[in-house]
Amino acid sequence: MISFQLHNWSDLMSIEVEKKMPGVIFKHISAGRTPFFTWFISSALEKALQVIYRFVKDNLLVNAYASSKRSFLLNRLLKNEKSRYDLIVAHNLAALYPASRFARKTKTLFAFDVEDYHPGEMIHVDIKNEVRRREMLLASILPNANYVSYASPLIGDHTLQLLQQTIKRHFFIPNCFSQLEFHEPAVLPDEQPLKLVWFSQHISFGRGLEELIEATDAITDAIELHLIGQSNPDFVSGFIADKDYILLHPPMPQADLHKSLAFFDVGLSLDMSRVDLNRDSALTNKIYAYAQAGLYVLATNTKAHKWFIENYAWGGVLTGQTS
């Protein structure tokens with residue numbers, strides 16, 4: 001398995017996951033500034049090809065490297081890969097071109113797991129060209145995949161509409177987990193506050209927490225709000241400081257997080273449609289984790305969450321996207 005090291009708190013989580021799979025060989029690529037020369041070359045190439053792109057829009061390599069320098073880094077590693085495989089699965093857009101190229105070169109079956117609809121994500125640099133690059137990569141490479149999986153029916157719909165042709169196999173794989181990771185929910189005394197929980201990689205702005213906290217400030221005597229993740233200091237000082245009913249928890253390994261959910265009442269899934277098309281279409285792992293842990297789910301009414309509650313009506317209820 002090949003993955004990128006981000007050189008932040010998440011690397012420790014990745015190490016814990018790898019320890020549980022002793023039979024798997026892991027290879028890592030640095031996504032940071034170390035080693036400096038590799039980072040400098042990949043960054044300079046990405047910027048240069050973003051300028052050149054307008055003259056060679058149909059070149060797959062230019063599209064891939066201009067979209068993400070990680071494509072260059074992964075392709076560089078695979079050039080020296082001697083092992084042979086039965087199936088190669090790419091899991092993000094930066095891996096799509098290098099993995100498909102390596103699969104074609106080695107005559108190996110190739111697949112792509114579409115966890116997000118990448119052309120519909122929020123893009124901050126060279127926006128129109130980057131959307132075109134992402135669309136071109138998906139439309140050119142996926143028809144040759146042995147299969148395409150997607151983490152939400154809506155993300156699958158957007159992807160298939162973009163391709164405008166039949167692909168061999170495609171199917172929905174929910175972002176859910178082994179039920180062995182979850183404990184039966186605890187029976188909590190009625191006189192305790194209602195315990196609400198929300199988790200993500202980052203406790204920060206633009207995640208629906210601003211609207212949530214504005215609403216929960218009015219019922220502080222009745223609830224506890226537990227937030228699990230890496231805290232943004234500016235967000236904490238602006239929205240959470242001096243609020244005793246809000247409890248912050250650091251990021252947890254997946255197994256510990258899932259076991260801890262047994263001690264809460266309501267799981268909060270707070271995506272906002274206004275962020276981008278992908279947010280409106282995505283089913284995050286948190287909504288499945290809450291349901292598997294036996295919590296009642298309170299979810300904002302994105303299109304994806306509407307699909308979830310319609311199909312699993314026992315799971316919870318939808319709410320609007322304002323305080």
Side-chain angles (χ1 to χ4, degrees), residues 10 13-14 16-17 20-21 89 91-92 111-118 120-121 147-159 170-186 194-203 207-209 212 225-230 249 251-273 275-319 321:
S10 67
M13 301 292 181
S14 298
E16 290 300 315
V17 172
K20 296 178 181 178
M21 294 185 281
V89 182
H91 185 60
N92 58 55
F112 186 54
D113 179 42
V114 190
E115 187 172 20
D116 295 292
Y117 182 63
H118 300 291
E121 292 176 309
Y147 74 80
V148 174
S149 58
Y150 34 85
S152 154
L154 289 168
I155 287 175
D157 290 345
H158 293 312
T159 304
H170 60 88
F171 43 84
F172 168 43
I173 300 181
N175 269 331
C176 51
F177 308 91
S178 167
Q179 196 59 39
L180 298 176
E181 294 190 9
F182 298 90
H183 284 171
E184 185 174 342
L194 193 69
K195 296 180 184 293
L196 313 181
V197 63
W198 177 94
F199 72 85
S200 192
Q201 290 187 351
H202 299 282
I203 301 170
R207 314 300 306 276
L209 293 176
L212 170 70
L225 175 58
H226 295 257
L227 305 178
I228 303 171
Q230 187 75 12
H249 306 272
M252 301 180 191
Q254 179 177 299
D256 295 342
L257 171 64
H258 289 167
K259 287 179 173 59
S260 76
L261 293 177
F263 298 97
F264 301 104
D265 298 300
V266 179
L268 303 167
S269 193
L270 305 176
D271 286 316
M272 294 290 174
S273 299
V275 173
D276 56 43
L277 176 63
N278 184 61
R279 282 288 177 191
D280 198 34
S281 307
L283 288 170
T284 61
N285 55 8
K286 65 167 65 69
I287 196 168
Y288 283 103
Y290 297 147
Q292 288 186 263
L295 303 188
Y296 194 74
V297 178
L298 181 67
T300 48
N301 58 352
T302 64
K303 289 179 180 177
H305 288 165
K306 288 179 182 177
W307 178 92
F308 185 89
I309 296 299
E310 286 172 1
N311 283 271
Y312 308 106
W314 48 264
V317 68
L318 294 172
T319 178
Q321 301 181 34

Apply the test side chain to side chain contact (heavy atoms under 4.5 Å, CB included) to residues Ser273 and Lys303: give CA-CA distance (whole Å), side-chain angles for both, the deciding distance (0.1 Å), then the verdict.
CA-CA 8 Å; Ser273 299; Lys303 289 179 180 177; 6.0 Å; no
List the steps and the verdict of ring-ring contact (aromatic ring centres under 6.0 Å, His included) for Phe172 and Trp307.
CA-CA 13 Å; Phe172 168 43; Trp307 178 92; 5.5 Å; yes
Step by step, would you call Phe199 with Tyr290 a ring-ring contact (aromatic ring centres under 6.0 Å, His included)?
CA-CA 10 Å; Phe199 72 85; Tyr290 297 147; 5.6 Å; yes
Stepwise, does the side chain to side chain contact (heavy atoms under 4.5 Å, CB included) test hold for Leu298 with Leu196?
CA-CA 9 Å; Leu298 181 67; Leu196 313 181; over 6 Å; no
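With no hydrogens or angles considered, no side-chain donor-acceptor pair links Gln230 and Gln201 at under 3.5 Å. Residues Ser149 and Asp113 have side chains that bring a donor and an acceptor to within less than 3.5 angstrom of each other. With 3.5 Å as the limit, one finds a donor-acceptor pair spanning the side chains of His305 and Ser269. Side-chain contact of Tyr150 with His170: a donor-acceptor pair under 3.5 Å is present, judged by distance alone. For the residue pair Asn92/Glu115, the side-chain donor-acceptor check at 3.5 Å is not satisfied.
The CG atom of Leu212 sits 10.5 Å away from atom OG1 of Thr300, with the distance rounded to the nearest 0.5 Å.
Ring centroid separation for the pair His258 and Phe177 comes in under the 6.0 Å cut-off.
Contact record, Gly208 with Met272: CA-CE, 3.5 Å, taken as the closest heavy-atom pair. Residues Ala282 and Ala304 come closest through the heavy atom pair O-CB, 3.2 Å.
Ring orientation note: the planes of Phe308 and Tyr288 are nearly perpendicular, at an angle over 60° on the 30°/60° scale. Under the 30°/60° scheme for interplanar angles, the aromatic rings of Tyr312 and Trp314 are found to stand perpendicular.
At least one donor-acceptor pair closer than 3.5 Å links the side chain of Gln179 to the backbone N or O of Gln292. Side-chain atoms of Asn175 do not come within 3.5 Å of backbone N or O of Thr284 as any donor-acceptor pair. With hydrogens and angles disregarded, no donor-acceptor distance shorter than 3.5 Å links the side chain of Asp116 to the backbone of His118.
Counting only heavy atoms from C-beta outward, the side chains of Thr159 and Asp157 never approach each other to under 4.5 Å. At a threshold of 4.5 Å between non-hydrogen side-chain atoms, the residues Leu261 and Pro185 do not count as touching. Put simply, the side chain of Ile203 reaches to within 4.5 Å of the side chain of Trp198, judged on heavy atoms.
A salt bridge links Asp271 with Arg279: the closest approach of a Lys/Arg side-chain nitrogen to an acidic carboxylate oxygen falls below 4.0 angstrom.
Atom CD of Glu184 has 12 or fewer heavy atoms from other residues, nucleotides or ligands within 6.0 Å. Within 6.0 Å of NZ on Lys195 lie more than 12 heavy atoms contributed by other residues, nucleotides or ligands.
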